[in-house]
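By convention here, the first residue in the shown sequence is residue 1.
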Amino acid sequence: MADFTATVIINGEECDYAPDAGMARIPCGNCGTLNEVEIELAADGTPRHLGFSCENCGHWNSPVS
């Protein structure tokens with residue numbers, strides 16, 4: 001299980017981040033359920049993901065632009 005010891009800002013929200021695993025807990029834009037999503041940090045530290053389907057409601061959450 002990932003160790004969420006840091007935070008990142010994604011879509012204007014502070015999200016728990018596991019640096020060793022490259023995972024963040026991102027809320028679904030539809031139902032708010034926290035989903036563990038693989039993210040990468042750009043050279044300037046900006047987080048981004050490729051999009052994800054909510055594990056609760058199935059809503060597609062578009063990538064961070």
Side-chain angles (χ1 to χ4, degrees):
M1 183 160 155
D3 190 15
F4 293 88
T5 58
T7 58
V8 291
I9 304 298
I10 299 176
N11 295 333
E13 293 195 40
E14 190 173 283
C15 300
D16 294 333
Y17 176 56
D20 292 339
M23 302 286 286
R25 289 185 181 135
I26 306 174
C28 173
N30 184 54
C31 72
T33 298
L34 292 177
N35 292 263
E36 291 187 7
V37 179
E38 185 174 335
I39 67 167
E40 59 183 42
L41 297 179
D44 66 357
T46 304
R48 63 182 178 172
H49 64 85
L50 299 176
F52 64 95
S53 179
C54 178
E55 61 189 39
N56 181 54
C57 72
H59 175 76
W60 175 252
N61 291 267
S62 297
V64 174
S65 54

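In terms of heavy atoms, Gly45 sits closest to Leu41 at O-CD2, 3.7 Å. Of all non-hydrogen atoms in Ala24 and Val8, the two that sit nearest each other are CB-CG2, 4.3 Å.
Atom OH of residue Tyr17 and atom CD1 of residue Ile10 lie 9.0 Å apart, to the nearest 0.5 angstrom.
His49 places none of its side-chain heavy atoms less than 4.5 Å from the side chain of Glu38. Residues Pro27 and Cys15 have side chains in contact (heavy-atom distance under 4.5 Å, counting atoms from C-beta outward). Residues Val37 and Phe52 form a side-chain contact, since some pair of their non-hydrogen atoms from C-beta on lies under 4.5 Å apart. For the pair His59 and Ser53, the minimum side-chain heavy-atom distance is 4.5 Å or more.
Looking at Asn11, its side chain never comes within 3.5 Å of a backbone N or O of Glu13 through a donor-acceptor pair.
Cluster membership check: Met23 does not share its hydrophobic cluster with Leu34, using side-chain heavy-atom separations under 4.5 Å among Ile, Leu, Val, Met, Phe, Trp and Tyr.
Judged by the 6.0 Å distance and 45° axis criteria, Arg25 is positioned over the aromatic ring of Phe4.
A side-chain contact (heavy atoms from CB on, under 4.5 Å) with Ile26 is found for exactly one of Asn61, Asn35, Ile39, Asp16, namely Ile39.
Residues Thr5 and Asp3 have side chains that never bring a donor and an acceptor to within less than 3.5 angstrom of each other.
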